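The structure appears right after this line, and notes come after that.
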Amino acid sequence: MNNKFIIAIDLGGTKIKASLFNFRLQSKAEKIFTTNKFKDKRVLIQGIVDIIDGLIEENGLSKKNILGVGLGMPGPVDSEKGKVYFLPNICGWKNVFLSRILKNKLKLSVFLDNDAKLMALAEYNFGSAKFSKNALCITLGTGVGGGLILNGRLYRGQDNAAGEIGHLPINLSGPICACGSKACLETYVGNKRILALAKTVFQRDISLEELSQKARQGDHKAISVWEKIGECLGVALSAAVNLLNLDCVVIGGGVAQAGVVLFKEIKKTVYARSMLVQGKRVKILKAGLGNRAGAIGAGILVKERLGI
Ligand SMILES: [Zn+2]
């Protein structure tokens, strides 16, 4: 298996990350592209094909060396059928049998799953949820995704749609969400909302990086923004903790970089708002694999599906 490799594509709303892994899922090469370079669905699919072909060629490999391709998609999918239902933050995707299309073009085995589910798989196998049996992994970004590990296995639900903590309503009424509902957690803690809240507080545009940096330096205005976000997250997580009696919640994604202030507020709220037994049990942890989790999860998916 020394000359066998796996390719993982982590498709995000802003970036596409392509990784070449060896059989043990150690990264051998990585390339990053901007998603909006690929204008529509057809161009994006061809772009993915070219990225994969390029990765194989640039590393002196041929398709015989590739065991399979795993894709992490930022939206609901049917992993078994390799079908993308839709992508809330990338236009023009509806009911696309992406695995089949890519398989035909690449002549390689192709598997896909929702990116947050892949993150959960990765954190459970190699990251912060490694010693956990019941974990919720949540990824904070433009969208808010989630993946559940229950009784030591990724829980998919009846339609492979379980784990969508970002679309847990946290209020009776509230902002309209990309999913079509309202008052979903994502509308309170997604990047857009954080930026809007920060703009109100600072009376100017401020980036997430600057907001995190200012909070770390003790800026009260920045801290107040992260506290508000942490409180909303804490409320939603309390619901999940009470419902599922989790032993850990793993938080990743760009926003998790806000660090201590955000985590302090999340923990405070979860312990205050969840029931005694469940609240005492659960640990709130930062993701261990950072932005590599999606790609590693896609690699695990390939190995699982091929039974190797
Ligand atoms: Zn929603």
Side-chain angles (χ1 to χ4, degrees), residues 8-18 33-49 51-52 69-106 110-121 137-148 154-170 174-193 236 252-254 293-295 297-298 301 305:
I9 303 287
D10 189 3
L11 181 67
T14 51
K15 282 178 201 149
I16 303 171
K17 198 168 77 180
F33 304 84
T34 48
T35 309
N36 66 12
K37 196 177 118 187
F38 306 99
K39 295 290 175 221
D40 62 24
K41 186 183 76 188
R42 199 179 51 81
V43 178
L44 181 52
I45 291 174
Q46 189 55 45
I48 293 171
V49 171
I51 288 168
I52 292 169
V69 176
L71 290 113
M73 305 301 292
V77 304
D78 182 329
S79 185
E80 293 292 329
K81 293 194 178 115
K83 178 181 171 183
V84 178
Y85 288 113
F86 72 100
L87 301 178
N89 295 304
I90 305 176
C91 294
W93 288 70
K94 210 174 173 199
N95 297 326
V96 181
F97 284 87
L98 185 61
S99 288
R100 197 167 65 202
I101 296 170
L102 289 176
K103 198 176 166 186
N104 286 338
K105 285 180 180 274
L106 288 161
V110 179
F111 308 98
L112 59 79
D113 210 336
N114 168 265
D115 54 5
K117 285 194 178 62
L118 294 179
M119 176 223 179
L121 262 186
C137 297
I138 167 166
T139 156
L140 304 173
T142 314
V144 174
L148 277 169
L154 180 68
Y155 179 73
R156 294 184 176 281
Q158 201 61 39
D159 298 293
N160 196 49
E164 293 285 2
I165 182 97
H167 301 282
L168 191 83
I170 60 167
I176 299 296
C177 181
C179 76
S181 185
K182 59 186 174 183
C184 294
L185 176 66
E186 185 173 298
T187 65
Y188 290 90
V189 304
N191 285 358
K192 258 192 239 164
R193 150 80 174 173
L301 177 76
R305 289 290 160 85

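Here the structure is a predicted model, which means the values were calculated and not measured.
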Distance check, rounded to the nearest 0.5 Å: Asn160 atom CG versus Asn114 atom CG?
7.5 Å
Other residues, nucleotides, ligands: >12 heavy atoms within 6.0 Å of Tyr155 OH:
no
Please, which pairs that meet salt bridge (Lys or Arg N to Asp or Glu O under 4.0 Å) have at least one residue in residues 81-105, sequence neighbours excluded?
Asp78-Lys81
Close side-chain approach of Ile101 to Ile45, heavy-atom, < 4.5 Å:
yes
By side chain to side chain contact (heavy atoms under 4.5 Å, CB included), Asn36 pairs with (sequence neighbours left out) Thr34
State which residues pass salt bridge (charged side-chain N to carboxylate O under 4.0 Å, His left out) with Arg305; sequence neighbours excluded, sorted by chain then number.
Glu80
Hits for side chain to side chain contact (heavy atoms under 4.5 Å, CB included) against Phe86, two or more places apart or cross-chain, chain-then-number order -> Pro76, Pro88
Evaluate side-chain contact (heavy atoms from CB on, under 4.5 Å) for Tyr85 paired with Asn95, printing each intermediate quantity in order.
CA-CA 4 Å; Tyr85 288 113; Asn95 297 326; 3.7 Å; yes
Minimum-distance pair of heavy atoms, taken over all atoms of Leu118 and Gly294
CB-O, 3.9 Å
Return the CG to CG distance between Leu112 and Leu301, rounded to the nearest 0.5 Å.
8.0 Å
Distance from Ile16 atom CD1 to Ile51 atom CD1, nearest 0.5 Å?
4.5 Å
Shortest non-hydrogen separation from Gly146 to Ile165 and the atoms involved
CA-CG2, 4.0 Å
Where Lys17 and Ala295 come nearest, the two heavy atoms and their spacing
CE-CB, 4.4 Å
Apply side chain to side chain contact (heavy atoms under 4.5 Å, CB included) to Ile90 and list each qualifying residue two or more places apart in sequence or on a separate chain.
Leu11, Thr35, Leu44, Pro74, Leu87, Trp93
Rounded to the nearest 0.5 Å, what separates atom CG in Leu185 from atom CD1 in Ile138?
5.5 Å
Gly92 and Lys41 have their tightest heavy-atom pair at O-CD, 3.5 Å
Taking all non-hydrogen atoms of both residues, which atom of Ala120 and which atom of Leu154 are closest, and how far apart?
CB-CD1, 4.2 Å
Inter-residue atom distance Glu186.CD - Ile170.CD1, 0.5 Å rounding:
11.5 Å
If you apply the rule side-chain contact (heavy atoms from CB on, under 4.5 Å), what do you find for Met119 with Asp115, and how did you get there?
CA-CA 6 Å; Met119 176 223 179; Asp115 54 5; over 6 Å; no
If you measure from NE2 on His167 to SG on Cys177, what distance do you get to the nearest 0.5 Å?
4.5 Å
So do the side chains of Leu121 and Asp113 get within less than 4.5 Å of each other, counting heavy atoms only?
no
Closest heavy-atom pair and its distance - Ala18, Ile9
CB-CD1, 3.7 Å
Arg193: what forms a side-chain hydrogen bond (donor to acceptor under 3.5 Å, both in side chains) with it, not counting sequence neighbours?
none
Could I get the full list of side chain to side chain contact (heavy atoms under 4.5 Å, CB included) partners for Pro175, not counting sequence neighbours?
Thr187, Tyr188
